[in-house]
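One structure below.
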Amino acid sequence: HEMFFRKVKFWDRSDAPPVFQIEDVTYIYIKRNSLIIACTTRFNVSPSATIELLNRMAKVFKDYCGILTEESIRKNFILIYELLDEMLDFGYPQITSTEMLKSCVHNEAVLVKPTSTLAAASSMLSMSSNKTKASSAANIPITMMSAKGGNSKNEIYVDIVERLTVLFNASGFVVNSSIDGSILMKSFLSGNPELRLALNEDLVIGKGGAYGSVILDDCNFHECVHLDEFESSRTLHFLPPDGEFSVLNYRITADFRPPFKIYPTIEETGSYKLDAVIVIRADIPDGNYGSNVIIRMPVPRCTVSASAEFASEIPGCSAEYNASEKKVIWTIRKFVGGSEMTLRAKITMDQLVTASHKKEVGPVSMTFEIPMHNVSHLQVRYLRISETHKSYNPCRWVRYITQSSSYVCRM
């Protein structure tokens, strides 16, 4: 499969599409973290059904290995081979449910420990407070829930994840925006008790709703969720299946406050030189921050050299010019809420500056993740467990994550 790898790595000027053909073989693939999960076929299969199958496989591998990385796949190769054997028969999909596969799979997972830096941070976190937990704590194989030395506590993890799509014009005003969100859950509760999850009382689906209420354009629920009380009290009740699952997926297109505002300017400083200045303001509370923020800006094709810098020296930040991609890249490890940063790029070209060259600069794109913050204000009011025995005292871990899906500003 060297041909497939070469095509994906060196596709002309952009990322390779998820489906492509070489001679009479069709290649279909997805990316997870830094991994590529791919399949090949000579038949006229449904691309969307095959991509869905690959996504299901990635989910099952993560459930059984705890985490989906190159190391976890190497250490759990026999387990993954067994899972594939049960999930596919002669190329036809069979079982893709984590729960149903438990009775068919007999190999135990090898737990992949976090890196030493992450482990040290986790131990410091657990020592400092018993009300917080490292984000890697939920990365436990489902087969180790009740195993000796495994996760002996009754715990349940809930993630409210929102992916933002925002387009700004050159003046910094929002042209269009949307939120794709999901409530993800991973249960390590013994006895599989019924759960009750309550959302905002002022939650509205469709049009309407008072000012300040959370309005979802559309949403869908996991098949295990019962909606008897959803209309009256915005409460969901369900028996959680094994592994990680999405309780609710939703989409919002109503106006919201973007976490970062971008204000770009470009000016001609010489016959062959352009200066680009990008001001970015973190429009989030002071207690929050954007982590692993990366800003990319394409430059004209005729650029000979470019230098990138920050207006002031900031620890944990770096700037570089990638000549092969013709992009200027700024990296900010931690962007604190309420702060503002100014990024500069000085571009030198081998042609006289024209209006068309200025149009080749940009658009500015931004990737980031904001822990414990969500822009839609969708909240979990409570998570109750129906088990009433006094000795049954489970731990509930809830976190909010906001990520960029497509965060772009025109120049």
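Values reported hereafter were calculated over all heavy atoms of this structure, with side chains retained and with hydrogens, waters and symmetry mates removed. What you see is a predicted model, and the numbers here were worked out from it, not measured in a lab.
When only modelled atom types and interatomic distance are considered, Q379 and Y400 share a side-chain donor-acceptor pair under 3.5 Å. When only modelled atom types and interatomic distance are considered, T26 and Q21 share a side-chain donor-acceptor pair under 3.5 Å.
The two atoms that bring V353 and G270 nearest to each other are CG2-O, 3.9 Å, heavy atoms only. Here the closest heavy-atom approach between residue N288 and residue H373 is recorded as ND2-CB, 3.7 Å. Across V336 and D286, no two heavy atoms sit closer than the pair CG1-O, 3.8 Å. Between R163 and S182, the closest heavy-atom pair is NH2-OG, 3.5 Å. Between T50 and C39, the shortest heavy-atom contact is CG2-SG, 3.3 Å. Annotation for S376 and I179: closest pair CB-CD1, 4.0 Å, computed over non-hydrogen atoms.
Relative to the six-membered ring of F10, R6 misses at least one condition, a distance below 6.0 Å or an angle of at most 45° to the axis.
For the atom pair OG of S405 and CG of L164, the computed distance is 8.5 Å after rounding to the nearest 0.5 Å. With rounding to the nearest 0.5 Å, the separation of OG1 in T96 from CG in N55 is 11.5 Å. The line from CD1 of I156 to CG of L197 is 8.5 Å long, rounded to the nearest 0.5 Å. Taken to the nearest 0.5 Å, the CD1 atom of I37 stands 4.5 Å off from the CD1 atom of I30. The CG atom of N154 sits 10.5 Å away from the CZ atom of R396 when rounded to the nearest 0.5 Å. Put simply, CD on E162 and NE2 on H377 are 9.5 Å apart, with the number rounded to the nearest 0.5 Å.
Evaluation of the salt bridge (Lys or Arg N to Asp or Glu O under 4.0 Å) test over residues 41-60, restricted to residues two or more places apart or in two chains, returns D24-R42, E52-R56, K59-D63. For residues 289-298, no residue pair satisfies the side chain to side chain donor-acceptor pair (under 3.5 Å) rule, not counting sequence neighbours. A salt bridge (Lys or Arg N to Asp or Glu O under 4.0 Å) check over residues 215-225, counting only residues at least two apart or in different chains, returns nothing. Among pairs with a residue in residues 27-81, those fulfilling ring pair (Phe, Tyr, Trp, His ring centres under 6.0 Å) read F4-Y27, F4-Y29, F20-Y27, at least two apart in sequence or across chains. The stretch residues 247-283 participates, sequence neighbours left out, in these ring pair (Phe, Tyr, Trp, His ring centres under 6.0 Å) pairs: F260-F335, F260-F368. Listed by first and then second residue, the side chain to side chain donor-acceptor pair (under 3.5 Å) pairs involving residues 326-353 are Q351-H357 (not counting sequence neighbours).
In this structure, M372 places its CE atom where more than 12 heavy-atom neighbours from other residues, nucleotides or ligands lie under 6.0 Å away. Heavy atoms from other residues, nucleotides or ligands lying under 6.0 Å from CG of D255 number 12 at most. By the neighbour-count criterion of 12 heavy atoms within 6.0 Å, atom CG of L84 is densely surrounded, having more than that number from other residues, nucleotides or ligands. Heavy atoms of other residues, nucleotides or ligands lying less than 6.0 angstrom from CD of E70 number 12 at most.
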Evaluation steps, side-chain contact (heavy atoms from CB on, under 4.5 Å), between L343 and V328:
CA-CA 10 Å; L343 323 176; V328 179; over 6 Å; no
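Using a 4.5 Å cut-off on side-chain heavy atoms (C-beta onward), L378 and I252 make no contact.
Under the salt bridge (Lys or Arg N to Asp or Glu O under 4.0 Å) criterion, E244 pairs with K62, not counting sequence neighbours. Applying the side-chain hydrogen bond (donor to acceptor under 3.5 Å, both in side chains) rule to D85 yields no partners; only residues at least two apart in sequence or on another chain are considered. With sequence neighbours excluded, the residues that form a ring-ring contact (aromatic ring centres under 6.0 Å, His included) with H222 are F245. Applying the side-chain hydrogen bond (donor to acceptor under 3.5 Å, both in side chains) rule to E71 yields the partners K75; only residues at least two apart in sequence or on another chain are considered. By the side-chain hydrogen bond (donor to acceptor under 3.5 Å, both in side chains) test, H237 pairs with E194, sequence neighbours left out.
The closest donor-acceptor contact from the side chain of D89 to the backbone of Q94 lies at 3.5 Å or more, if one exists at all. In this structure, E86 contributes its side chain and I95 its backbone to no donor-acceptor pair below 3.5 Å. For D159 (side chain) and V161 (main-chain N/O), no donor-acceptor pair under 3.5 Å exists by modelled atom type. At least one donor-acceptor pair closer than 3.5 Å links the side chain of R381 to the backbone N or O of L199.
Taking the centre of each ring, F238 and F221 stay at or above the 6.0 Å mark.
When the options T367, I280, I262, I329 are evaluated for a side chain to side chain contact (heavy atoms under 4.5 Å, CB included) with I295, the one that passes is I280.
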Exercise answer: donor-acceptor pairs, residues 315-323 side-chain atoms, under 3.5 Å, sequence neighbours excluded:
from	atom 1	to	atom 2	distance (Å)
N322	OD1	S324	N	3.2
N322	OD1	S324	OG	2.7
N322	OD1	E325	N	3.1

